[in-house]
There are 2 protein chains.
Amino acid sequence: MSNPSKNESEPLQAVEVSMTPLQRYEEFLQARGLRNTSQKKFLLEQVFNRHEHFDADLLIEQLPSRGSTNYVSRPTVYRTLKEFVDAGLLHRFELDGRSMYELNYGYPEHDHLYCTKCRQLIEFTSDEIVRLRDEVARSHRFRVKDHRFIIQGVCDQCAKKRSLGRRQDRV
Amino acid sequence: MSNPSKNESEPLQAVEVSMTPLQRYEEFLQARGLRNTSQKKFLLEQVFNRHEHFDADLLIEQLPSRGSTNYVSRPTVYRTLKEFVDAGLLHRFELDGRSMYELNYGYPEHDHLYCTKCRQLIEFTSDEIVRLRDEVARSHRFRVKDHRFIIQGVCDQCAKKRSLGRRQDRV
DNA sequence: ATCGTTGCAAACGTTTTGCATAAGG
DNA sequence: CCTTATGCAAAACGTTTGCAACGAT
């Protein structure tokens, strides 16, 4: 038993890291012989100004449009997000058939509650999950790289206003 | 810390159920005023002959092709799989951007280890995960309907033959 | 006779690709 | 210079939809 998960009511705090995301990214690029272009720099900045999960579409929507300065094309956004994931800056997971991204550098490991009514993702942390994960993996001689744990259901607010502005429940 | 997960080395056993999948499905259809067509019956049979996870594409590939008896069109396969999920016969989850299905009736609840090298899904059961899930949910006043827990990494076999027939690692 | 279901073709939304041009190291 | 990166257009991918004909109840 014991304290299974920290108090999850407050937003997650940033954690100490030795390099800024930009420094870490530049190191990554250098190590691989990749280039740090203006698009990549701009996207990194945009992405690290967010503190919420997002998908490629939402990000693109909020970026300068074709013609504006700092315009980044859709393929480049996809290519760059993939690079950020490779660099360990972002974490990717799938939800409702598309990729979601969230900060993975300078933020504590966490998992999600997913409300299938309002589509809200609620974060929580739990040391026990990590312990359990490693225990299961060890018993299978499996080398863990990552995990996803998503609890699906209905959040408190949606459960209350059951018959009002209820949206489609799709899971 | 107590027995966290049963011995997962043997394949999972079927569990006792009061109705056959077909019976349960017919009850579901009747309750909703839906119809039991030859296509649905045939698909149910095909699906419950499997004991492995599958996606729509793999299933369709192994079904009679256009022109043969028992041919079922692609849209009907998708529509019917969705119905099976609604009926509680199948469980759906997403992997690498597409929907995977597995038996959910007459089989114990379980989670997965996913080898990103050979794409193998390994099942395991853990009571602790369910307990933990419910505990986290309760502390958020969240009404759990389901969860997915996938541990990503490299399986024992792939870890050994590192440099031989290694396939792309995509997660 | 209803009304859900089917197959077809065509659309869909997300992500990826080929390719010619641009630009970082 | 050399090679990676970009933008464009178009393709690819898994999945869904509109619709007319079909078939279960």
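Lettering follows sequence order; numbering is per chain, from 1. Nothing here was measured: the structure is a model prediction, and the numbers come from that model.
Residues of residues 52-61 of chain B having a heavy atom closer than 4.0 Å to DNA chain C: none are found. Looking at residues 62-75 of chain A, you'll see Arg74(A), Pro75(A) sit with a heavy atom under 4.0 Å from some atom of DNA chain C.
Partners of Asn70(B) under the side chain to side chain donor-acceptor pair (under 3.5 Å) rule, at least two apart in sequence or in another chain, do not exist in this structure. By the ring-ring contact (aromatic ring centres under 6.0 Å, His included) test, Phe149(A) pairs with His147(B), Phe149(B), sequence neighbours left out. Listed by chain and number, the residues in a ring-ring contact (aromatic ring centres under 6.0 Å, His included) with His112(A) are His53(A), Phe93(A), His110(A) (sequence neighbours excluded). Remark: Arg138(A) engages no residue in a side chain to side chain donor-acceptor pair (under 3.5 Å) (not counting sequence neighbours). For Asp55(B), the side chain to side chain contact (heavy atoms under 4.5 Å, CB included) partners at least two apart in sequence or on another chain are Asp57(B), Leu58(B), Arg98(B), Met100(B). Applying the ring-ring contact (aromatic ring centres under 6.0 Å, His included) rule to Tyr101(B) yields the partners Phe54(B); only residues at least two apart in sequence or on another chain are considered.
Pairs of residues two or more places apart, or lying in two chains, that qualify as ring pair (Phe, Tyr, Trp, His ring centres under 6.0 Å) and include a residue from residues 59-84 of chain A are Tyr25(A)-Phe84(A). Sorted by first and then second residue, the ring pair (Phe, Tyr, Trp, His ring centres under 6.0 Å) pairs involving residues 28-51 of chain B (not counting sequence neighbours) are His51(B)-Tyr107(B).
Residue Tyr78(A) has no polar side-chain atom (N or O) positioned under 4.0 Å from OP1 or OP2 of dT16(C).
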Verdict with supporting geometry, Tyr114(A) and Asp96(A), side chain to side chain donor-acceptor pair (under 3.5 Å): CA-CA 11 Å; Tyr114(A) 178 51; Asp96(A) 286 340; 2.5 Å; yes
Heavy-atom protein contacts under 4.0 Å, nucleotides 19-25 of chain C, coded B base, S sugar-phosphate only, - none: ----BBS
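Taking the 5' to 3' direction, DNA chain D first and last meets chain A under 4.0 angstrom from a heavy atom at dT3(D) to dA9(D).
As a whole-Å value, the separation of Glu83(B) CD from dG4(C) P is 12 Å.
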